[in-house]
Structures are given as C-alpha cells and as structure tokens.
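Here is the structure we will look at, set down as structure tokens.
Since the model is a prediction, treat every value here as computed from it, not as a measurement. Reminder, nothing fancy here: chain letters follow the sequence lines and each chain counts from 1.
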There are 2 protein chains.
Amino acid sequence: MGMQITATQRRFIRRWGEMGTRWGISRSTAMVHGYLYLCREAVNAEDICGALELARSNVSTSLKELEQFRLVERESKAGDRRTFYVAVADVWEMARRILEERRRRETEGAVAAVNECLRAAKDEGDDFTATRMEAMQELLSTAENVADAARRYPTSIFRKAALMGGKLLGLIAKL
Amino acid sequence: MGMQITATQRRFIRRWGEMGTRWGISRSTAMVHGYLYLCREAVNAEDICGALELARSNVSTSLKELEQFRLVERESKAGDRRTFYVAVADVWEMARRILEERRRRETEGAVAAVNECLRAAKDEGDDFTATRMEAMQELLSTAENVADAARRYPTSIFRKAALMGGKLLGLIAKL
DNA sequence: TTCATATTTCTGAAAAGAGAGAAATCATAA
DNA sequence: TTATGATTTCTCTCTTTTCAGAAATATGAA
C-alpha cells in the first residue's frame with residue numbers, strides 16, 4: 001500500500017529531481033529522496049517504483065546512494081521481509097548531511113595530492129610555485145578541519161548560526 | 001612567450017582538473033584555472049593552449065566560464081591587441097567566489113518553485129505536505145539570506161572564522 | 001574602409017553518465 | 001534445507017556533456 005501521490009507532490013518531486021542534477025546527484029536519486037521526504041510513514045522500494053515510475057534497479061541504486069548521504073534510514077516491519085525506508089525529516093539535519101557528504105567527495109585525497117606536488121616544487125627550488133601550492137594546501141586542510149569540527153556539534157547550532165546570518169559575521173569582524 | 005610548465009606544475013594542474021570534474025566544473029576549465037593560478041604574470045589564450053594542449057575554442061569557453069565565477073580577470077597590454085588573463089591569487093577569495101557562484105547556480109529559482117508547490121498544497125488542504133514544503137522553503141530562503149549577507153563582508157572574516165573552526169561553533173552553542 | 005589577427009560561436013565526434021531490464025545473489029519463512 | 005520473494009549487480013541503450021576543429025565575428029592598426 002504505497003502512498004499514491006497528488007499532482008502537486010509530483011510537481012515538487014520533479015523539481016527536486018531537477019535540482020539534484022545541479023548538485024551532482026542523479027535525477028532519480030533526488031526524486032526518490034523527494035518522495036520519501038513527502039511520505040508520512042516508511043515505504044518499501046516497490047512503492048517508490050509505482051509512484052515514480054522508475055525501474056526497480058534504479059530505485060535500489062538510488063536508495064543505496066541516499067544511505068551513503070545518510071538521508072534515509074532502513075526500517076523493518078514484523079512479519080514482512082521487505083525493507084522500508086524513511087527520509088530524515090528535519091531539513092537542517094538534511095542540509096548538514098548533504099553538505100558533509102559533498103565535502104567528503106569533493107576534497108577526498110586533495111590535500112594529499114597537493115601536498116605531494118608541494119614537496120616536489122620545494123625540492124626543485126621553485127619558490128613561487130611552492131608558495132602558491134602552500135596557500136592552496138592551507139585552504140584545503142582548513143576546510144577539512146572545519147568539517148571535522150562541524151561534525152561534533154548538533155544541528156541546532158547551524159540553524160541558529162544560519163538564522164543569525166549577517167549578525168554573526170559582524171560579530172566575528174569585531175574579534 | 002607563454003610560461004613553459006614543469007612536470008610538477010603539470011601534475012598539479014592535472015589534479016586540479018580532476019577535482020574540478022567533481023565540483024561540476026569541466027576538466028579543461030579547471031585546468032585553465034590551475035594554470036593561471038601558477039602563473040607569475042598575465043598570459044594570453046594562445047599561451048594557455050600551448051601549455052595545456054587544449055583547443056583554442058576550448059580555452060575560450062573555459063575563460064568565459066572562469067569569468068562567470070569571477071576567478072580570472074582580463075588585462076590588456078599597451079600595443080598588444082590580445083587579451084591577457086590573471087587568476088585571483090588569494091585562495092580565500094577564490095573559495096568564496098566559487099562557493100558563491102555554485103550557490104547561485106544550485107538554488108536558482110528553487111525558492112520560487114517550492115513556494116509555488118507550497119501554495120498549491122495549501123489550497124488543496126493537504127496539511128502534511130504543506131508543512132514539509134514549508135520547512136524546505138525556510139531552509140532554502142535562509143541559505144539565500146546567508147549568502148546575501150556573506151557577500152557584504154570582506155574575505156578576511158571567512159578566513160578568521162574558518163581558522164577559529166570549532167571554537168566559533170562552541171561560542172554559538174552558548175548563545 | 002580594409003586587412004590582419006584575436007576571439008567567439010557553431011558543429012560533430014567521442015566520452016561519460018543515467019537508467020531500464022535481465023540475471024544473479026541474498027534472506028527468511030516453512 | 002528449500003522455496004519464495006526481496007534486493008543487488010550486470011549489461012546494454014539512450015542521453016548528456018565535453019572538447020577539437022571549422023566557420024563566423026569582432027577589433028584595431030594603417
């Protein structure tokens with residue numbers, strides 16, 4: 001008994017899928033996420049196929065990716081061998097997890113790679129190049145440190161910080 | 001007289017290009033940027049072609065995209081009709097501009113689209129859907145507000161904030 | 001204006017990515 | 001353990017993106 005979606009929900013999901021493509025997430029994956037976000041209770045993969053008219057395999061792959069992002073959670077019902085899925089409902093937690101996973105994918109190995117080049121440039125006595133690479137290196141590792149620190153705090157802080165917006169920046173400026 | 005690149009620089013540029021693809025920037029575009037970042041002085045398009053072995057057209061398109069990101073600036077030399085290019089040298093300013101342009105591309109029109117769906121859901125009396133869409137809407141518009149605020153502050157603040165890292169979050173937690 | 005050269009846009013081919021369906025694997029009730 | 005059905009992986013096709021080369025356009029000196 002999968003949720004049958006209304007035209008409005010379909011429109012939202014389609015939009016969400018469209019946005020996903022611009023975020024480096026496949027359209028199907030983002031649509032599956034959009035659907036789950038609009039579901040009241042956990043649904044199984046078959047339900048998703050029915051509602052979104054996607055191939056079963058595609059839904060499977062999408063769910064796997066969403067689990068990597070930690071945007072959906074599995075659930076099992078007694079006497080039912082199928083897996084059910086729910087989306088993280090809190091949008092701030094959602095945003096945080098998306099950003100965290102993206103950061104991970106996008107800077108994975110970068111620090112090490114730049115470091116390697118940096119050492120080579122230094123060995124060759126190419127000061128200018130070394131300086132530039134050093135700056136890049138500092139940026140990348142700071143980004144990693146910030147992400148690490150961020151992981152240790154509850155979502156509520158980010159919500160607070162975001163809602164303070166400019167005021168917070170003004171505060172920092174005075175430090 | 002374009003700069004001839006060393007093996008180390010080539011390695012760095014190749015890496016940078018690779019990273020670019022994960023950031024939704026084409027390999028060539030990221031490579032052109034990497035090259036400019038390692039240049040001491042402004043270079044022209046032909047130089048870039050020579051150093052990176054890319055088609056002239058490709059370099060042209062890449063430079064145009066980099067200008068959209070505001071990562072490179074044009075320069076003209078007296079008695080030379082060609083255009084010369086330099087990359088923004090400060091990595092923090094660079095990061096800020098990349099994030100700003102990405103944010104713009106990735107949330108462009110999203111608030112309006114979600115708002116439209118939200119109104120429809122409300123009209124239909126679908127409270128659950130409306131609530132979820134409202135939350136999403138709040139998130140997206142807050143993101144836009146933060147970005148707007150961020151644009152008004154100098155780069156130095158972000159560097160400061162990033163280097164404070166976890167300490168800053170701890171501070172906010174106490175507010 | 002004309003010529004020479006710098007730059008951009010157009011076009012098509014090659015590479016990468018997405019997604020459907022089939023085949024294989026895995027898990028659980030009996 | 002076996003049978004049944006859920007899930008994942010594989011493969012092939014279709015779509016999208018990237019990028020080289022050609023054609024068109026723009027710019028500036030004479």
With side chains defined as the heavy atoms from C-beta onward, is the minimum distance between A/Glu67 and A/Glu73 less than 4.5 Å? no

Rounded to whole Å, please give me the gap between CZ in B/Arg22 and P in D/dT17. 20 Å

Rounding to a whole Å, what distance do you find between B/Leu52:CG and D/dT18:P? 17 Å

Applying side-chain contact (heavy atoms from CB on, under 4.5 Å) between B/Met31 and each of B/Val59, B/Asn58, B/Leu52, report the one that passes. B/Leu52

Please step through side chain to side chain contact (heavy atoms under 4.5 Å, CB included) for the pair A/Arg105 and A/Phe69, ending with a clear verdict. CA-CA 11 Å; A/Arg105 292 182 181 190; A/Phe69 273 95; 3.5 Å; yes

Provide, to the nearest angstrom, the distance between the CG atom belonging to A/Leu54 and the P atom belonging to D/dT7. 16 Å

Step-by-step side chain to side chain donor-acceptor pair (under 3.5 Å) determination, B/Thr29 to B/Ser26: CA-CA 5 Å; B/Thr29 302; B/Ser26 92; 3.0 Å; yes

Starting from P on C/dA18, measure out to CH2 on A/Trp23 and report it in whole angstrom. 17 Å

Looking only at the side chain of A/Ser28 (C-beta and beyond, no hydrogens), which of the listed nucleotides C/dA18, D/dA20, D/dC19 gets closest? C/dA18

Nearest-Å distance for atom pair CD/C1', residues A/Glu65 and C/dG19: 13 Å

Under a 3.5 Å threshold, yes or no: a donor from one side chain and an acceptor from the other, between B/Arg10 and B/Thr6? no

Starting at the 5' end of nucleotides 3-15 of chain C, put B wherever the base has a protein heavy atom under 4.0 Å, S where only the sugar-phosphate does, and a dash everywhere else. -BBSSBB------

Among the clusters formed by ILVMFWY side chains lying less than 4.5 Å apart, do A/Ile172 and A/Val146 turn up in the same one? no

Map A/Thr29 and A/Gly79 onto DNA chain C by nearest heavy atom, then report which one ends up closer to the 5' terminus. A/Thr29

Starting from P on C/dA18, measure out to CE on A/Met31 and report it in whole angstrom. 15 Å

